[in-house]
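Heads up, the thing below is written out as structure tokens.
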Protein chains: 2
Amino acid sequence: MIKTASKQHSCPHDQGISCSNCRLSSICLPLALEREEIVQLDDIVQRGRPLQKGQHVYREGDTFQSIYAVRSGSIKAYSVSDNGEEQVTGFYFPGEIVGMDGIGQNRYANSAQAMDVSAICEIPFSRIEELSVKLPTMQKHFFKLLSQEIVEDQRHITLLSKNSAEARLASLLVSISARHARLHLSAVSFRLPMSRSDIGNFLGLTIETVSRVFSRFAKQELISVSNKDVTVMDIAALRKLANLAE
Amino acid sequence: MIKTASKQHSCPHDQGISCSNCRLSSICLPLALEREEIVQLDDIVQRGRPLQKGQHVYREGDTFQSIYAVRSGSIKAYSVSDNGEEQVTGFYFPGEIVGMDGIGQNRYANSAQAMDVSAICEIPFSRIEELSVKLPTMQKHFFKLLSQEIVEDQRHITLLSKNSAEARLASLLVSISARHARLHLSAVSFRLPMSRSDIGNFLGLTIETVSRVFSRFAKQELISVSNKDVTVMDIAALRKLANLAE
DNA sequence: CGTATGCTTGATCAACGTCAACTAAGGTGG
DNA sequence: CCACCTTAGTTGACGTTGATCAAGCATACG
């Protein structure tokens, strides 16, 4: 693989980057991987051209081959149930990994679609398996990654099972805010990449309810909303509404 | 480890059994593990005395060390959210694995509690990691296991997000029936090990709603219920109600 | 500039939750 | 072994939240 010279503060869509100097590596590779190990991972990661909004990373039912790290932009994952209804199962931001649902059945259980222009790193799973056998740290990392997705999904189950529309939306806003902060972006002002319909679908609510709750939050001056742009004005109140510990 | 002589059709609570001759191994170890490999796994697996009803396998927050295969009985997993409410995240029957939520944080994210007298096999995770490095088949198996739990949880998200009380309960009944069948038990008549309250909690419903839906199903002669004993009379209708493909 | 699409807001409705009373089942001590 | 008590489950009446239906508005795109 040919790599162009990479600079320290590169453009997020830049392809001439390696895991070693990727500013996301602390999220993507939270383990204390040795420099040596990262170099080996680098060799298997494939960085393609950015996806346009609406393009799919993979589709439900496709043969599973790779997992993907989001480098820039944002991805939504969704599945279609037997009766043809869509269920949005997750939103993924830079540093996060999609596609792990495919491992079990050798077929993706979800489709993954770009909500913005997005750059992704493809990591062929067979190579991960090989590397994991050689590098126990790497194996541990991927076991952890999978386990964390389980815990995330269970949190979402709790959200849907126990919480009101307000709590659900508050929870999503808090989560997105925190993930922006982790990326050293503003935790206060951000643009939601997804539609109201995606939000509703993800949270088990109708688009009308989502809209109403946004309006209510705005009226209570917890946030200000203008279309997809949100400014969080009272994160503590949102956390409280979301039933999260202080 | 000392193993007593094992017979072919052993008692489910019997401790003198090994993976090699366990009738659950096709569920627990669906991979084409070589006999040689199973023997190595056998050496890791610890089989303790059965748990009494109500006893915990582990508790949320405990340091993660092992995953557990259910040998007999049934286990429920639940977590307590920040506001103190319980959420039942899963029911586990023989051949199924609990505890994988602990890998990511080195702490269990759920508590696991026996709903009946239950026998479990403890599998220390560090040993799995070691073995997985030596046996790629084993590594693959555990990657798959984790991934399948993700897919399961996502199905449950869809259930909670999109389906009515009737669909949710129908879905649970179909699932339990199928899992009984897999164990070569009756898919038609079975005893529910969990309380109405656990069912409601798992399905995001109140106990009253669960009770009413049971009664409605009985009146429509889809099932007959007597306390915890259920007989499925029209599985096709239940599948339809659950929005499952024929 | 006009049309399509996404979003908001209002009015009404239904599903499920809440509250309450009652019944059945299981467990314990006399 | 039975009587009592506790806990689990059922059923009914009523209330609330969020879905549905419908109309209008804003934004984006050709």
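Bear in mind that the values here come from a model prediction, so they are computed numbers and not experimental data. Labels below follow one simple rule: chain letters A, B, ... track the order of the sequence lines, proteins then strands, and each chain is numbered from 1.
With salt bridges taken as basic N to acidic carboxylate O contacts below 4.0 Å, one links B:Asp229 and B:Arg191. Electrostatic pairing of A:Lys162 and B:Glu86 does not count as a salt bridge here, judged by no charged N lying under 4.0 Å from a carboxylate O.
A close approach under 4.0 Å does not occur between any side-chain nitrogen or oxygen of A:Asn227 and OP1 or OP2 of C:dT8. Distances shorter than 4.0 Å separate some side-chain N or O of A:Ser215 from OP1 or OP2 on C:dT9. When the side-chain nitrogen and oxygen atoms of A:Ser164 are compared with OP1 and OP2 of D:dT17, none of them lie within a distance under 4.0 Å. Between A:Ser195 and C:dG6 there is no side-chain polar atom (N or O) within less than 4.0 angstrom of OP1 or OP2. The side chain of A:Arg212 contributes no N or O atom lying less than 4.0 Å from OP1 or OP2 of C:dT8.
Taking the side chain of A:Thr209 as heavy atoms from C-beta on, and the options C:dT9, C:dC16, D:dA19, the nearest nucleotide is D:dA19. For B:Thr206, taking side-chain heavy atoms from C-beta onward, the closest of the listed nucleotides D:dT20, C:dC7, C:dT18 is C:dT18. Here the nucleotide nearest the side chain of B:Leu205, chosen from D:dT20, C:dG17, C:dC7, is C:dG17. Listed candidates were C:dC7, D:dG9, C:dG17. Nearest to the side chain of B:Ile207 is D:dG9. Nearest nucleotide to the B:Ser211 side chain, out of C:dC7, D:dG9, D:dA19: D:dG9.
In this structure, A:Leu169 atom CG and D:dG18 atom P are separated by 12 Å, rounded to whole Å. In this structure, NZ of A:Lys53 is placed 10 Å from P of D:dA28, rounded to the nearest angstrom. For the pair B:Lys228 NZ and D:dT7 C1', the interatomic distance rounds to 11 Å; values are reported in whole Å. Across the protein-nucleic acid pair, B:Asn163 atom CG and C:dC16 atom C1' stand 15 Å apart, rounded to whole Å. When the C1' atom of D:dA28 is taken as reference, atom CZ of A:Arg191 falls 11 Å away, rounded to whole Å. Between A:Arg196 atom CZ and D:dC25 atom P there is a gap of 19 Å when expressed in whole angstrom units. Rounded to whole Å, atom C1' of D:dT17 lies 17 Å from atom NZ of A:Lys162. Computed from coordinates, the A:Phe214 CZ to D:dC25 C1' distance equals 18 Å when rounded to whole Å.
Among the heavy atoms of the strands lying under 4.0 Å from A:Gly204 are primed sugar atoms or P, OP1, OP2 only; no base atom is included.
Looking at A:Glu149 and A:Leu145, their side chains never come closer than 4.5 Å, going by heavy atoms from C-beta outward. Side-chain contact between A:Ser66 and A:Ile123 is absent, with no heavy-atom pair separated by less than 4.5 Å. For the pair A:Arg107/A:Phe64, no side-chain contact is recorded, criterion being any heavy-atom separation below 4.5 Å from C-beta on.
Between the side chain of B:Glu208 and the base of C:dC19, at least one donor-acceptor pair of N or O atoms lies under 3.5 Å.
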